[in-house]
Amino acid sequence: MSITDAPEIRLNLGCGSRLLPGYINVDMDNLDTLKSRYPLQEFPDDLETYDYDIFNLPFPDASVAEIRADSLIEHLSFLEEPKFFYEMKRVLYPGGILQLSTPDFEAAIKLWISAKDEWKEFYRNDPEAIAQEHWFGNYSYSTDNRWGYLMAMIFGSQNGAGQFHRNCYTIPKIRAILQHLEFDELEISQYRWKGDRDLMIFVRAKKR
């Protein structure tokens, strides 16, 4: 049976290291690249990734039950942003679920404004720097310095071609996009990435 013959198609777009059982895991990077980027992460042996075009998914109109896109939309360019959201609307069937998360840009900017302005070192992404949480010489995920992890919070880790932030979101912007797409909001909440890092916006919505 082919993927498109599955009774319930569930997509996990931009999955990165977060492969999910029961979903078609989609990412621009293959498993070998992901394992190299996240050496401390364990990957399930029975799952794989698919390099699908997220702006032109290989599924018919109104055929997908659920789409997850965690920490993806902030990587979209201004021109890619509408293509992505209209493609989500196209492939989801009525009642289908769109679930996504993205950094709260307003919260990040407030942190940056209030942080101290003390540049220390240039960015490094070698294995030793990653293991030591180098972050421009701050050696922590602290947000008390503008030129530390806050830079990655705003601009992305930049540790790979797909690791740059090119867009930003607030709760009012997301609500306006859902209204424009004619999606019903089921939940919009906030949580901390990895439990204590970036303030994230969690969104769960339903196609009418």
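What you are looking at is a predicted structure, and each value in this text was computed from that prediction instead of being measured.
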Undergrad: When rounded to the nearest 0.5 angstrom, what is the spacing between CE in Met88 and CD1 in Ile177?
TA: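 It is 13.0 Å, given to the nearest 0.5 Å.
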Undergrad: Does Lys207 reach the side chain of Leu98, with side-chain heavy atoms less than 4.5 Å apart?
TA: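 No, every pair of side-chain atoms sits at 4.5 Å or beyond.
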Undergrad: Testing Glu74, Glu80, Glu81 one by one against Arg166 for a side chain to side chain donor-acceptor pair (under 3.5 Å), which residue passes?
TA: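 Single pass found, and it is Glu80.
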Undergrad: Heavy atoms, side chains only, cut-off 4.5 Å: are Asp29 and Thr49 in contact?
TA: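 No. Closest side-chain heavy atoms not under 4.5 Å.
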Undergrad: What is the minimum heavy-atom distance between Ile201 and Thr170, and which atoms define it?
TA: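 Reported closest heavy-atom pair: CD1-C, 3.8 Å.
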Undergrad: Taking only Lys NZ, Arg NE, NH1 and NH2, and the carboxylate oxygens of Asp or Glu, determine whether Arg197 and Glu133 approach each other closer than 4.0 Å.
TA: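 Judged by the 4.0 Å cut-off on N to carboxylate O distance, Arg197 and Glu133 do not form a salt bridge.
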Undergrad: Look up atom CG in Asp144 and atom OG in Ser142, then write down how far apart they are to the nearest 0.5 Å.
TA: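 These two atoms lie 3.0 Å from each other.
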Undergrad: Please assess Thr102 against Asn167 for the test side chain to side chain contact (heavy atoms under 4.5 Å, CB included), listing each intermediate value before the final yes or no.
TA: CA-CA 10 Å; Thr102 189; Asn167 219 314; over 6 Å; no
Undergrad: Below 4.5 Å, heavy atoms only, C-beta onward: do Leu57 and Val64 meet side chain to side chain?
TA: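 No. Closest side-chain heavy atoms not under 4.5 Å.
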Undergrad: For a 4.5 angstrom cut-off between non-hydrogen side-chain atoms, does Leu76 reach Ile54?
TA: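 Leu76 reaches Ile54 side chain to side chain.
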Undergrad: Mind listing the closest non-hydrogen atom pair of Ala65 and Glu8 along with its distance?
TA: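 Distance-wise, the nearest heavy atoms are CB-OE1, 2.8 Å.
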Undergrad: Would the number of heavy atoms belonging to other residues, nucleotides or ligands and lying under 6.0 Å from NZ of Lys206 be above 12?
TA: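 Not buried by this count: 12 neighbours or fewer within 6.0 Å.
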Undergrad: Hey, could you give me the CG/CD distance between Asn138 and Gln132, rounded to the nearest 0.5 Å?
TA: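 CD of Gln132 is found 13.0 Å from CG of Asn138.
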Undergrad: So Leu72 and Phe84, do their side chains get closer than 4.5 Å, heavy atoms only?
TA: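 Counting from C-beta outward, Phe84 and Leu72 do come under 4.5 Å.
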Undergrad: Taking the hydrophobic residues Ile, Leu, Val, Met, Phe, Trp and Tyr, and joining any pair whose side-chain heavy atoms are under 4.5 Å apart, which ones share a cluster with Phe105?
TA: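 So far as hydrophobic clustering goes, Phe105 is joined with Ile109, Leu111, Trp112, Ile113, Trp119, Phe122, Tyr123, Trp135, Phe136, Tyr141, Trp147, Tyr149, Leu150, Met151, Met153, Ile154, Phe155, Tyr191, Trp193, Met200, Phe202.
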Undergrad: Ile24 and side-chain contact (heavy atoms from CB on, under 4.5 Å): which partner among Ile67, Ile9, Leu47?
TA: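 Testing Ile24 for a side-chain contact (heavy atoms from CB on, under 4.5 Å) against Ile67, Ile9, Leu47 leaves exactly one candidate, Ile9.
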Undergrad: Which pair of non-hydrogen atoms, one from Leu199 and one from Ala107, has the smallest distance, and what is that distance?
TA: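 That closest heavy-atom pairing would be CD2-CB, 3.7 Å.
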Undergrad: Asp104: which residues meet the salt bridge (charged side-chain N to carboxylate O under 4.0 Å, His left out) condition with it, sequence neighbours left out?
TA: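 Partners of Asp104 under the salt bridge (charged side-chain N to carboxylate O under 4.0 Å, His left out) test: none.
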Undergrad: How many angstroms lie between NE2 in His165 and OG in Ser71, if you round to the nearest 0.5 Å?
TA: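 Between His165 NE2 and Ser71 OG, I get 7.0 Å after rounding to 0.5 Å.
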Undergrad: Is there side-chain contact between Ile171 and Gln190, with at least one heavy-atom pair below 4.5 Å?
TA: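 Yes, their side chains come closer than 4.5 Å.
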Undergrad: Suppose we screen for side-chain hydrogen bond (donor to acceptor under 3.5 Å, both in side chains). Which residues come up paired with Gln179, at least two apart in sequence or across chains?
TA: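 For Gln179, no residue satisfies side-chain hydrogen bond (donor to acceptor under 3.5 Å, both in side chains) once neighbours in sequence are set aside.
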Undergrad: Heavy-atom count around Lys110 NZ within 6.0 Å, excluding the residue itself: above 12?
TA: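 Open.
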Undergrad: How many angstroms lie between atom OG of Ser114 and atom CZ of Arg146, to the nearest 0.5 angstrom?
TA: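 Ser114 atom OG to Arg146 atom CZ measures 8.0 Å (nearest 0.5 Å).
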Undergrad: Who are the side-chain hydrogen bond (donor to acceptor under 3.5 Å, both in side chains) partners of Gln99, not counting sequence neighbours?
TA: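 With neighbours one apart ignored, the set is Arg204.
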Undergrad: Using the side chain to side chain donor-acceptor pair (under 3.5 Å) rule, collect all pairs that involve residues 82-91, keeping only residues at least two apart or in two chains.
TA: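 Listed once each, the pairs are Asp61-Arg90, Tyr86-His180, Glu87-Arg90.
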Undergrad: Can you find a pair of side-chain heavy atoms, one from Val203 and one from Tyr169, that are under 4.5 Å apart?
TA: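 Heavy-atom side-chain distance check fails, nothing below 4.5 Å.
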Undergrad: Taking the side chain as every heavy atom from C-beta outward, state whether Ile97 and Leu186 have any atom pair closer than 4.5 Å.
TA: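 Side chain of Ile97 against side chain of Leu186, heavy atoms only: contact under 4.5 Å found.
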Undergrad: Are the ring centres of Phe164 and His75 closer than 6.0 Å?
TA: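 Ring centroids of Phe164 and His75 are no less than 6.0 Å from each other.
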Undergrad: Hey, any chance Phe183 and Ile174 share a hydrophobic cluster, counting ILVMFWY side chains that come within less than 4.5 Å of each other, even indirectly?
TA: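 Same cluster.
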Undergrad: With side chain to side chain donor-acceptor pair (under 3.5 Å) as the rule and sequence neighbours excluded, what pairs involving residues 17-28 come up?
TA: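 Those involving residues 17-28 are Asn12-Asn25, Tyr23-Glu66.
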Undergrad: What's the spacing between Ser140 OG and His134 NE2 if we round to 0.5 Å?
TA: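 One finds 11.5 Å between OG of Ser140 and NE2 of His134.
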